[in-house]
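This report concerns only the one structure given below.
In what follows, every chain begins at residue 1, and chains take the letters A, B, ... in the order their sequences are listed.
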Number of protein chains: 2
Amino acid sequence: MSDMTSTADTPRSPGRPRSVRADEAIIEATLDLLAEGSTVEAISIEAIAARAGVGKATIYRRWPGKEALLRDALRTLKGSPPEPTGGSVRDDLIVLVGAVGHHIDPRAARIMPCLVPAVNRSPEQYALYQNIIEPRRALMREVLRRGVRAGELRADLDVEVTMAMLTGPMLVQRVLRWHPDIDEATLPEKIVDGVLDGIRAR
Amino acid sequence: MSDMTSTADTPRSPGRPRSVRADEAIIEATLDLLAEGSTVEAISIEAIAARAGVGKATIYRRWPGKEALLRDALRTLKGSPPEPTGGSVRDDLIVLVGAVGHHIDPRAARIMPCLVPAVNRSPEQYALYQNIIEPRRALMREVLRRGVRAGELRADLDVEVTMAMLTGPMLVQRVLRWHPDIDEATLPEKIVDGVLDGIRAR
(Lines give C-alpha, C1' and ligand atoms only; values in the text may rest on other atoms or scores of the structure.)
Protein backbone atom coordinates (compact mmCIF):
# COMPACT_ATOMS: atom_id res chain seq x y z
CA MET A 1 0.00 0.00 0.00
CA SER A 2 2.90 2.37 0.55
CA ASP A 3 3.26 2.69 -3.22
CA MET A 4 -0.29 3.96 -3.49
CA THR A 5 -0.17 6.53 -0.78
CA SER A 6 3.34 7.78 -1.45
CA THR A 7 2.23 9.41 -4.70
CA ALA A 8 -0.31 11.62 -2.94
CA ASP A 9 1.21 15.05 -3.13
CA THR A 10 -1.37 16.84 -1.03
CA PRO A 11 -0.17 18.09 2.33
CA ARG A 12 -1.15 15.89 5.22
CA SER A 13 -1.68 17.29 8.71
CA PRO A 14 1.19 16.22 10.94
CA GLY A 15 0.20 13.39 13.21
CA ARG A 16 -2.90 12.45 11.23
CA PRO A 17 -3.00 8.66 11.06
CA ARG A 18 -3.03 7.28 7.54
CA SER A 19 -6.19 5.36 6.91
CA VAL A 20 -4.99 2.42 4.89
CA ARG A 21 -8.51 1.06 4.92
CA ALA A 22 -9.89 4.17 3.23
CA ASP A 23 -7.06 4.11 0.65
CA GLU A 24 -7.90 0.54 -0.20
CA ALA A 25 -11.61 1.22 -0.40
CA ILE A 26 -11.01 4.14 -2.78
CA ILE A 27 -8.72 2.11 -5.04
CA GLU A 28 -11.15 -0.81 -5.00
CA ALA A 29 -14.10 1.44 -5.82
CA THR A 30 -12.19 2.94 -8.75
CA LEU A 31 -11.33 -0.49 -10.15
CA ASP A 32 -14.87 -1.79 -9.65
CA LEU A 33 -16.36 1.15 -11.52
CA LEU A 34 -13.87 0.75 -14.37
CA ALA A 35 -14.51 -3.01 -14.55
CA GLU A 36 -18.24 -2.34 -14.75
CA GLY A 37 -17.75 -0.21 -17.84
CA SER A 38 -17.09 3.35 -16.64
CA THR A 39 -14.67 5.00 -19.02
CA VAL A 40 -11.65 6.86 -17.65
CA GLU A 41 -13.21 10.03 -19.05
CA ALA A 42 -16.62 9.50 -17.45
CA ILE A 43 -15.53 8.23 -14.03
CA SER A 44 -15.79 10.96 -11.40
CA ILE A 45 -14.42 11.58 -7.93
CA GLU A 46 -18.06 11.88 -6.82
CA ALA A 47 -18.91 8.39 -8.08
CA ILE A 48 -15.75 6.90 -6.59
CA ALA A 49 -16.44 8.54 -3.22
CA ALA A 50 -20.02 7.24 -3.21
CA ARG A 51 -18.92 3.73 -4.11
CA ALA A 52 -16.13 3.71 -1.51
CA GLY A 53 -18.39 5.13 1.20
CA VAL A 54 -16.10 8.10 1.86
CA GLY A 55 -16.39 11.83 1.34
CA LYS A 56 -14.78 13.56 -1.62
CA ALA A 57 -12.49 15.40 0.78
CA THR A 58 -11.08 12.06 1.92
CA ILE A 59 -10.04 11.32 -1.65
CA TYR A 60 -8.58 14.80 -2.23
CA ARG A 61 -6.51 14.51 0.95
CA ARG A 62 -4.80 11.46 -0.63
CA TRP A 63 -4.68 12.24 -4.35
CA PRO A 64 -4.41 15.62 -6.05
CA GLY A 65 -6.98 14.60 -8.65
CA LYS A 66 -8.52 11.92 -10.80
CA GLU A 67 -5.40 11.34 -12.95
CA ALA A 68 -3.22 10.50 -9.97
CA LEU A 69 -5.87 8.23 -8.48
CA LEU A 70 -6.35 6.41 -11.80
CA ARG A 71 -2.61 5.95 -12.16
CA ASP A 72 -2.35 4.34 -8.72
CA ALA A 73 -5.45 2.20 -9.29
CA LEU A 74 -4.18 0.94 -12.64
CA ARG A 75 -0.75 0.23 -11.20
CA THR A 76 -2.24 -2.01 -8.56
CA LEU A 77 -3.83 -4.09 -11.34
CA LYS A 78 -0.41 -4.91 -12.72
CA GLY A 79 1.25 -5.83 -9.44
CA SER A 80 5.01 -5.64 -8.98
CA PRO A 81 7.29 -5.69 -12.02
CA PRO A 82 9.08 -9.00 -12.64
CA GLU A 83 12.62 -9.43 -11.41
CA PRO A 84 15.15 -10.60 -13.99
CA THR A 85 17.89 -12.67 -12.41
CA GLY A 86 20.77 -10.96 -14.17
CA GLY A 87 21.74 -14.34 -15.65
CA SER A 88 21.92 -14.89 -19.40
CA VAL A 89 20.23 -12.44 -21.73
CA ARG A 90 18.02 -15.31 -22.92
CA ASP A 91 16.93 -16.28 -19.40
CA ASP A 92 16.21 -12.70 -18.39
CA LEU A 93 14.19 -12.07 -21.54
CA ILE A 94 12.12 -15.21 -20.88
CA VAL A 95 11.26 -13.91 -17.39
CA LEU A 96 10.33 -10.48 -18.72
CA VAL A 97 8.32 -11.78 -21.68
CA GLY A 98 6.52 -14.18 -19.34
CA ALA A 99 5.28 -11.23 -17.28
CA VAL A 100 3.82 -9.36 -20.28
CA GLY A 101 0.05 -9.07 -20.01
CA HIS A 102 0.06 -10.95 -16.74
CA HIS A 103 -2.10 -9.19 -14.20
CA ILE A 104 -2.58 -10.07 -10.59
CA ASP A 105 -6.13 -8.74 -10.60
CA PRO A 106 -8.87 -10.39 -12.68
CA ARG A 107 -10.57 -7.04 -13.24
CA ALA A 108 -7.65 -6.15 -15.51
CA ALA A 109 -9.04 -8.29 -18.33
CA ARG A 110 -12.13 -6.08 -18.42
CA ILE A 111 -10.44 -2.76 -17.74
CA MET A 112 -7.23 -2.69 -19.77
CA PRO A 113 -8.48 -3.28 -23.36
CA CYS A 114 -11.17 -0.61 -23.08
CA LEU A 115 -8.55 1.92 -21.97
CA VAL A 116 -7.12 1.84 -25.48
CA PRO A 117 -9.60 4.25 -27.14
CA ALA A 118 -9.11 6.76 -24.31
CA VAL A 119 -5.35 6.38 -24.54
CA ASN A 120 -5.49 7.13 -28.25
CA ARG A 121 -7.79 10.13 -27.87
CA SER A 122 -6.12 11.98 -25.06
CA PRO A 123 -2.49 13.02 -24.56
CA GLU A 124 -3.07 12.89 -20.78
CA GLN A 125 -4.32 9.30 -20.94
CA TYR A 126 -1.44 8.36 -23.24
CA ALA A 127 1.02 9.80 -20.75
CA LEU A 128 -0.72 7.87 -17.96
CA TYR A 129 -0.43 4.63 -19.93
CA GLN A 130 3.24 5.25 -20.79
CA ASN A 131 3.88 6.06 -17.15
CA ILE A 132 2.42 2.73 -16.05
CA ILE A 133 4.30 0.55 -18.54
CA GLU A 134 7.62 2.43 -18.57
CA PRO A 135 9.13 0.76 -15.47
CA ARG A 136 8.63 -2.68 -17.07
CA ARG A 137 9.91 -1.46 -20.40
CA ALA A 138 13.03 -0.08 -18.71
CA LEU A 139 13.86 -3.53 -17.34
CA MET A 140 13.68 -5.13 -20.79
CA ARG A 141 15.61 -2.28 -22.42
CA GLU A 142 18.43 -2.75 -19.92
CA VAL A 143 18.69 -6.50 -20.60
CA LEU A 144 18.88 -5.85 -24.36
CA ARG A 145 21.50 -3.13 -23.94
CA ARG A 146 23.52 -5.48 -21.76
CA GLY A 147 23.37 -8.06 -24.59
CA VAL A 148 24.61 -5.50 -27.10
CA ARG A 149 27.45 -4.37 -24.80
CA ALA A 150 28.48 -8.00 -24.27
CA GLY A 151 28.58 -8.59 -28.03
CA GLU A 152 25.82 -11.21 -27.80
CA LEU A 153 23.26 -9.12 -29.70
CA ARG A 154 23.74 -7.19 -32.95
CA ALA A 155 25.52 -3.89 -32.47
CA ASP A 156 22.93 -2.12 -34.65
CA LEU A 157 19.98 -3.48 -32.66
CA ASP A 158 16.85 -1.34 -32.74
CA VAL A 159 16.03 -1.73 -29.05
CA GLU A 160 12.51 -0.26 -29.14
CA VAL A 161 11.42 -2.36 -32.13
CA THR A 162 12.95 -5.45 -30.51
CA MET A 163 10.93 -4.79 -27.35
CA ALA A 164 7.75 -4.60 -29.46
CA MET A 165 8.79 -7.90 -31.10
CA LEU A 166 9.19 -9.57 -27.71
CA THR A 167 6.15 -8.02 -26.06
CA GLY A 168 3.61 -7.99 -28.90
CA PRO A 169 3.22 -11.74 -29.48
CA MET A 170 2.82 -12.44 -25.75
CA LEU A 171 0.28 -9.65 -25.38
CA VAL A 172 -1.90 -10.73 -28.31
CA GLN A 173 -1.94 -14.30 -27.09
CA ARG A 174 -2.56 -13.49 -23.43
CA VAL A 175 -5.06 -10.68 -23.94
CA LEU A 176 -6.76 -11.73 -27.18
CA ARG A 177 -6.12 -15.50 -27.04
CA TRP A 178 -4.91 -14.84 -30.54
CA HIS A 179 -4.68 -18.50 -31.47
CA PRO A 180 -6.46 -21.21 -29.46
CA ASP A 181 -3.71 -23.79 -30.03
CA ILE A 182 -0.81 -21.73 -28.71
CA ASP A 183 0.38 -22.86 -25.27
CA GLU A 184 0.94 -19.81 -23.06
CA ALA A 185 3.27 -21.65 -20.71
CA THR A 186 5.94 -22.34 -23.34
CA LEU A 187 5.30 -19.23 -25.42
CA PRO A 188 7.82 -16.89 -23.71
CA GLU A 189 10.67 -19.30 -24.48
CA LYS A 190 9.52 -19.77 -28.08
CA ILE A 191 9.25 -16.03 -28.65
CA VAL A 192 12.66 -15.30 -27.15
CA ASP A 193 14.38 -18.07 -29.13
CA GLY A 194 12.55 -17.05 -32.29
CA VAL A 195 13.59 -13.42 -31.93
CA LEU A 196 17.17 -14.33 -30.97
CA ASP A 197 17.80 -16.84 -33.75
CA GLY A 198 15.29 -16.05 -36.47
CA ILE A 199 13.25 -18.46 -38.53
CA ARG A 200 15.39 -18.81 -41.64
CA ALA A 201 16.71 -22.23 -42.56
CA ARG A 202 20.48 -22.39 -42.10
CA MET B 1 -21.90 -4.67 -50.36
CA SER B 2 -22.40 -8.12 -51.88
CA ASP B 3 -20.22 -9.54 -49.13
CA MET B 4 -22.58 -8.20 -46.50
CA THR B 5 -25.79 -9.45 -48.01
CA SER B 6 -24.51 -12.80 -49.23
CA THR B 7 -24.22 -14.09 -45.68
CA ALA B 8 -27.89 -13.48 -44.96
CA ASP B 9 -29.32 -16.96 -44.97
CA THR B 10 -32.96 -15.97 -44.67
CA PRO B 11 -35.10 -16.72 -47.70
CA ARG B 12 -35.89 -13.75 -49.87
CA SER B 13 -39.06 -13.54 -51.97
CA PRO B 14 -38.17 -13.98 -55.63
CA GLY B 15 -38.21 -10.72 -57.47
CA ARG B 16 -37.98 -8.62 -54.33
CA PRO B 17 -35.46 -5.87 -55.00
CA ARG B 18 -32.56 -5.83 -52.53
CA SER B 19 -32.50 -2.60 -50.67
CA VAL B 20 -28.83 -1.81 -50.56
CA ARG B 21 -29.65 1.45 -48.86
CA ALA B 22 -31.35 -0.33 -45.96
CA ASP B 23 -28.47 -2.80 -45.67
CA GLU B 24 -26.02 0.07 -45.45
CA ALA B 25 -28.12 1.94 -42.93
CA ILE B 26 -28.37 -1.15 -40.71
CA ILE B 27 -24.62 -1.80 -40.84
CA GLU B 28 -23.89 1.89 -40.19
CA ALA B 29 -26.31 1.99 -37.25
CA THR B 30 -24.67 -1.09 -35.74
CA LEU B 31 -21.18 0.41 -36.05
CA ASP B 32 -22.33 3.78 -34.70
CA LEU B 33 -23.87 2.18 -31.62
CA LEU B 34 -20.75 0.09 -30.98
CA ALA B 35 -18.50 3.12 -31.46
CA GLU B 36 -20.61 5.05 -28.95
CA GLY B 37 -19.97 2.41 -26.31
CA SER B 38 -22.67 -0.25 -26.69
CA THR B 39 -21.20 -3.63 -25.89
CA VAL B 40 -21.78 -6.57 -28.22
CA GLU B 41 -23.79 -8.15 -25.43
CA ALA B 42 -26.01 -5.12 -24.78
CA ILE B 43 -26.64 -4.04 -28.35
CA SER B 44 -30.10 -5.13 -29.54
CA ILE B 45 -31.87 -5.56 -32.86
CA GLU B 46 -34.46 -3.10 -31.50
CA ALA B 47 -31.85 -0.40 -30.91
CA ILE B 48 -30.22 -1.01 -34.29
CA ALA B 49 -33.59 -0.85 -36.07
CA ALA B 50 -34.47 2.42 -34.30
CA ARG B 51 -31.11 3.97 -35.17
CA ALA B 52 -31.27 2.83 -38.79
CA GLY B 53 -34.87 4.00 -39.17
CA VAL B 54 -36.10 0.59 -40.28
CA GLY B 55 -38.40 -2.02 -38.78
CA LYS B 56 -36.99 -5.09 -36.99
CA ALA B 57 -38.51 -7.26 -39.72
CA THR B 58 -36.32 -5.51 -42.27
CA ILE B 59 -33.24 -6.59 -40.32
CA TYR B 60 -34.48 -10.16 -39.86
CA ARG B 61 -35.14 -10.46 -43.59
CA ARG B 62 -31.43 -9.84 -44.16
CA TRP B 63 -29.71 -11.44 -41.17
CA PRO B 64 -30.82 -14.47 -39.16
CA GLY B 65 -29.86 -12.77 -35.90
CA LYS B 66 -27.59 -10.42 -34.03
CA GLU B 67 -24.46 -12.58 -34.35
CA ALA B 68 -24.61 -12.64 -38.15
CA LEU B 69 -25.26 -8.91 -38.32
CA LEU B 70 -22.37 -8.16 -35.94
CA ARG B 71 -20.05 -10.36 -37.97
CA ASP B 72 -20.88 -8.51 -41.18
CA ALA B 73 -20.65 -5.11 -39.48
CA LEU B 74 -17.25 -5.92 -37.97
CA ARG B 75 -15.98 -7.29 -41.27
CA THR B 76 -16.78 -4.03 -43.01
CA LEU B 77 -14.54 -2.25 -40.48
CA LYS B 78 -11.57 -4.26 -41.65
CA GLY B 79 -12.10 -3.86 -45.38
CA SER B 80 -10.70 -6.33 -47.89
CA PRO B 81 -7.80 -8.60 -46.89
CA PRO B 82 -4.41 -7.61 -48.32
CA GLU B 83 -3.15 -9.31 -51.46
CA PRO B 84 0.31 -10.80 -51.25
CA THR B 85 2.07 -10.72 -54.61
CA GLY B 86 3.33 -14.28 -54.51
CA GLY B 87 6.87 -12.91 -54.80
CA SER B 88 9.53 -13.62 -52.17
CA VAL B 89 8.47 -14.84 -48.75
CA ARG B 90 10.00 -11.68 -47.30
CA ASP B 91 8.07 -9.35 -49.62
CA ASP B 92 4.78 -11.17 -49.05
CA LEU B 93 5.23 -11.12 -45.28
CA ILE B 94 5.93 -7.37 -45.37
CA VAL B 95 2.64 -6.81 -47.23
CA LEU B 96 0.71 -8.99 -44.77
CA VAL B 97 2.33 -7.51 -41.65
CA GLY B 98 1.69 -4.02 -43.02
CA ALA B 99 -2.04 -4.76 -43.11
CA VAL B 100 -2.21 -5.90 -39.46
CA GLY B 101 -4.37 -3.57 -37.38
CA HIS B 102 -5.03 -1.39 -40.41
CA HIS B 103 -8.72 -0.54 -40.62
CA ILE B 104 -10.49 1.34 -43.33
CA ASP B 105 -13.03 2.72 -40.89
CA PRO B 106 -12.03 5.17 -38.13
CA ARG B 107 -14.72 3.74 -35.81
CA ALA B 108 -12.58 0.60 -35.56
CA ALA B 109 -10.19 2.30 -33.13
CA ARG B 110 -13.07 2.72 -30.69
CA ILE B 111 -14.83 -0.55 -31.34
CA MET B 112 -12.15 -3.23 -31.63
CA PRO B 113 -10.28 -2.93 -28.29
CA CYS B 114 -13.50 -2.97 -26.27
CA LEU B 115 -14.53 -6.21 -27.98
CA VAL B 116 -11.74 -8.00 -26.12
CA PRO B 117 -13.53 -8.52 -22.79
CA ALA B 118 -16.62 -9.89 -24.59
CA VAL B 119 -14.43 -12.15 -26.71
CA ASN B 120 -12.82 -13.54 -23.59
CA ARG B 121 -16.11 -14.07 -21.76
CA SER B 122 -18.17 -15.75 -24.43
CA PRO B 123 -17.41 -18.73 -26.68
CA GLU B 124 -19.80 -17.28 -29.27
CA GLN B 125 -17.96 -13.97 -29.34
CA TYR B 126 -14.61 -15.77 -29.49
CA ALA B 127 -15.85 -17.75 -32.50
CA LEU B 128 -17.05 -14.51 -34.11
CA TYR B 129 -13.63 -12.92 -33.61
CA GLN B 130 -11.77 -15.98 -34.94
CA ASN B 131 -14.13 -16.03 -37.91
CA ILE B 132 -13.28 -12.42 -38.75
CA ILE B 133 -9.50 -12.76 -38.52
CA GLU B 134 -9.13 -16.28 -39.94
CA PRO B 135 -9.14 -15.28 -43.65
CA ARG B 136 -6.19 -12.95 -43.02
CA ARG B 137 -4.43 -15.52 -40.90
CA ALA B 138 -4.84 -18.11 -43.66
CA LEU B 139 -2.98 -15.84 -46.08
CA MET B 140 0.01 -15.50 -43.75
CA ARG B 141 0.01 -19.21 -42.90
CA GLU B 142 0.21 -20.08 -46.60
CA VAL B 143 3.19 -17.77 -47.18
CA LEU B 144 5.05 -19.32 -44.23
CA ARG B 145 4.27 -22.86 -45.39
CA ARG B 146 5.50 -21.95 -48.86
CA GLY B 147 8.75 -20.77 -47.28
CA VAL B 148 9.14 -24.04 -45.41
CA ARG B 149 8.42 -26.10 -48.55
CA ALA B 150 10.98 -24.08 -50.49
CA GLY B 151 13.60 -24.68 -47.80
CA GLU B 152 13.88 -20.96 -47.06
CA LEU B 153 12.41 -21.28 -43.56
CA ARG B 154 13.27 -23.79 -40.85
CA ALA B 155 11.67 -27.19 -41.41
CA ASP B 156 10.55 -27.32 -37.75
CA LEU B 157 8.87 -23.88 -37.89
CA ASP B 158 6.00 -23.36 -35.42
CA VAL B 159 3.72 -21.60 -37.88
CA GLU B 160 1.12 -20.35 -35.37
CA VAL B 161 3.73 -18.93 -32.99
CA THR B 162 5.54 -17.32 -35.93
CA MET B 163 2.29 -15.65 -37.00
CA ALA B 164 1.88 -14.25 -33.47
CA MET B 165 5.50 -13.01 -33.68
CA LEU B 166 4.82 -11.21 -36.94
CA THR B 167 1.38 -9.88 -36.02
CA GLY B 168 1.80 -8.97 -32.35
CA PRO B 169 4.42 -6.21 -32.66
CA MET B 170 2.51 -4.49 -35.46
CA LEU B 171 -0.74 -4.70 -33.54
CA VAL B 172 0.63 -3.26 -30.29
CA GLN B 173 2.25 -0.39 -32.14
CA ARG B 174 -0.72 0.38 -34.38
CA VAL B 175 -3.45 -0.10 -31.77
CA LEU B 176 -1.68 0.93 -28.56
CA ARG B 177 1.00 3.22 -30.04
CA TRP B 178 3.18 1.07 -27.89
CA HIS B 179 6.25 3.25 -28.25
CA PRO B 180 6.01 6.87 -29.46
CA ASP B 181 9.36 6.75 -31.31
CA ILE B 182 8.62 3.72 -33.49
CA ASP B 183 7.92 4.63 -37.12
CA GLU B 184 4.89 2.67 -38.34
CA ALA B 185 5.83 3.06 -42.00
CA THR B 186 9.09 1.11 -41.72
CA LEU B 187 7.96 -1.22 -38.93
CA PRO B 188 6.62 -4.08 -41.13
CA GLU B 189 10.01 -4.44 -42.82
CA LYS B 190 11.87 -4.29 -39.50
CA ILE B 191 9.62 -6.91 -37.93
CA VAL B 192 9.90 -9.28 -40.89
CA ASP B 193 13.70 -8.95 -41.11
CA GLY B 194 13.99 -9.30 -37.33
CA VAL B 195 11.91 -12.46 -37.28
CA LEU B 196 13.65 -13.91 -40.35
CA ASP B 197 17.22 -13.27 -39.25
CA GLY B 198 17.08 -12.90 -35.47
CA ILE B 199 18.90 -10.38 -33.33
CA ARG B 200 21.98 -12.32 -32.28
CA ALA B 201 25.36 -10.99 -33.23
CA ARG B 202 27.00 -13.20 -35.87
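With a threshold of 4.5 angstrom between heavy atoms, A:D183 does not approach chain B through any atom at all. With a threshold of 4.5 angstrom between heavy atoms, A:I182 approaches chain B through side-chain atoms but not through N, CA, C or O. Within the 4.5 angstrom heavy-atom criterion, only side-chain atoms of B:I133, from C-beta onward, approach chain A. Looking at A:L187, only its side chain comes within 4.5 Å of chain B, counting heavy atoms on both sides. At a 4.5 Å heavy-atom cutoff, the contact between A:L176 and chain B is made by backbone and side-chain atoms alike. Within the 4.5 angstrom heavy-atom criterion, atoms from both the backbone and the side chain of A:D197 approach chain B.
Contact annotation: the side chain of B:V175 approaches that of A:V116 to within less than 4.5 Å [non-hydrogen atoms, C-beta and beyond].
Nearest heavy-atom pair, A:G168 versus B:V172, reported as atom, atom and distance to 0.1 Å: CA-CG1, 3.9 Å. Residues B:H179 and A:E160 share a closest heavy-atom pair of CD2-OE1, 2.9 Å. Shown here for B:G151 and A:A201, the closest heavy-atom pair between the two residues is O-CB, 3.3 Å. For the residue pair B:A164 and A:W178, the shortest heavy atom distance occurs at N-CZ3, 3.7 Å.
Of all the listed residues (B:M163, B:Q130, B:R202), the one sharing the greatest number of non-hydrogen pairs under 4.5 Å with chain A is B:R202. Here A:P180 is the residue among A:G37, A:P180, A:A155 with the most heavy-atom pairs under 4.5 Å with chain B. Annotation: maximal heavy-atom pairing with chain A below 4.5 Å, among B:M112, B:Q173, B:R137, B:M170, occurs at B:R137. Contact count against chain A (heavy-atom pairs under 4.5 Å) is highest for B:V161 among B:L166, B:V89, B:V161. Contacts with chain B were tallied for A:T162, A:T167, A:V119; A:T167 has the most, counting heavy-atom pairs under 4.5 Å. Across A:D181, A:L196, A:L144, A:I111, the residue that shares the most heavy-atom pairs under 4.5 angstrom with chain B is A:L196. Put simply, of B:R154, B:R200, B:K190, the one with the most heavy-atom pairs under 4.5 Å next to chain A is B:R200.
In this structure, the separation between CD1 on A:I199 and CG on B:L93 is 7.0 Å, given to the nearest 0.5 Å. Interatomic distance, OH of B:Y129 versus CZ of A:R177, reported as 9.5 Å (0.5 Å rounding).
Every pair tested for salt bridge (Lys or Arg N to Asp or Glu O under 4.0 Å) that includes a residue from residues 164-173 of chain A fails, sequence neighbours excluded, so the list is empty.
Annotation for A:E83: atom CD does not count as buried by contact number, only 12 or fewer foreign heavy atoms lying within 6.0 Å.
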